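Take a look at the structure below.
As the structure is a computational prediction, the values presented were derived from the model and not from experiment.
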Amino acid sequence: MPTHQELDQRSLALHCIVADKVRKDAHLLDKARATLQRWHQTVSPRTFVYLDEWQRLLDQGEQACLAVATEDSEHAAALRQASPLACLLTPKERFEFLKSWKMQHAPH
């Protein structure tokens, strides 16, 4: 079973892939905004602090949002646990990423 640190590193790597995708098509951030709106209707109010921060980052623009999404810090790792950006990968892209990550990080 992966450690919390390994899960954080996997999430960071996934968000780096998402950031590359967004840099090629900034309109994808509209999908992240829609996801945030939907989540605000359905998630626990305890999560609102993270959702509100993602909203602020999205409002600040692509550069600010992606800088935090790909930052290797404790704060960014906590935010990535409730990230609307993770939804920007297609199921196939997510599967390929997870398959590759597992192969690269398998115990030897």
(message) If hydrophobic clusters are built from ILVMFWY residues whose side chains come within less than 4.5 Å, do Leu7 and Phe95 share one?
(response) no
(request) Could you tell me which non-hydrogen atom of Ala32 sits nearest to which non-hydrogen atom of Leu85, and how far apart they are? (result) CB-CD2, 3.8 Å
Only distances under 3.5 Å count here; give the side-chain donor-acceptor pairs of residues 10-20 to other protein atoms, sequence neighbours excluded, each with its distance to 0.1 Å.
from: His15; atom 1: ND1; to: Ser11; atom 2: O; distance (Å): 2.9
from: His15; atom 1: NE2; to: Ser83; atom 2: OG; distance (Å): 2.7
from: Asp20; atom 1: OD1; to: Arg23; atom 2: NH1; distance (Å): 3.2

(message) Quick test of your reading: applying salt bridge (Lys or Arg N to Asp or Glu O under 4.0 Å), list the pairs with at least one residue in residues 31-52, sequence neighbours left out, ordered by first then second residue.
(response) Asp30-Arg33
(request) Quick one: list whatever passes side chain to side chain donor-acceptor pair (under 3.5 Å) with His75, sequence neighbours left out. (result) Glu53
(request) May I have all residue pairs that pass ring pair (Phe, Tyr, Trp, His ring centres under 6.0 Å) and include part of residues 45-68, sequence neighbours excluded? (result) His40-Phe48
(message) Which residues pass the side chain to side chain donor-acceptor pair (under 3.5 Å) test with Ser100, not counting sequence neighbours?
(response) Gln104
(request) Mind checking the CD-OG1 spacing from Glu96 to Thr90? Nearest 0.5 Å is all I need. (result) 9.0 Å
(message) Arg56: which residues meet the salt bridge (charged side-chain N to carboxylate O under 4.0 Å, His left out) condition with it, sequence neighbours left out?
(response) none
(message) Which residues pass the salt bridge (charged side-chain N to carboxylate O under 4.0 Å, His left out) test with Lys21, not counting sequence neighbours?
(response) Glu93
(message) Are Val43 and Leu79 connected into the same hydrophobic cluster when the rule is that any two of I, L, V, M, F, W, Y join if their side-chain heavy atoms are below 4.5 Å apart?
(response) yes
Please list every donor-acceptor pair under 3.5 Å in which a side-chain atom of residues 60-72 meets a protein atom from a residue at least two apart or in another chain.
from: Thr70; atom 1: OG1; to: Leu66; atom 2: O; distance (Å): 2.8
from: Glu71; atom 1: OE2; to: Ser73; atom 2: OG; distance (Å): 2.6

(request) Hey, could you give me the CH2/CZ distance between Trp101 and Arg94, rounded to the nearest 0.5 Å? (result) 14.5 Å
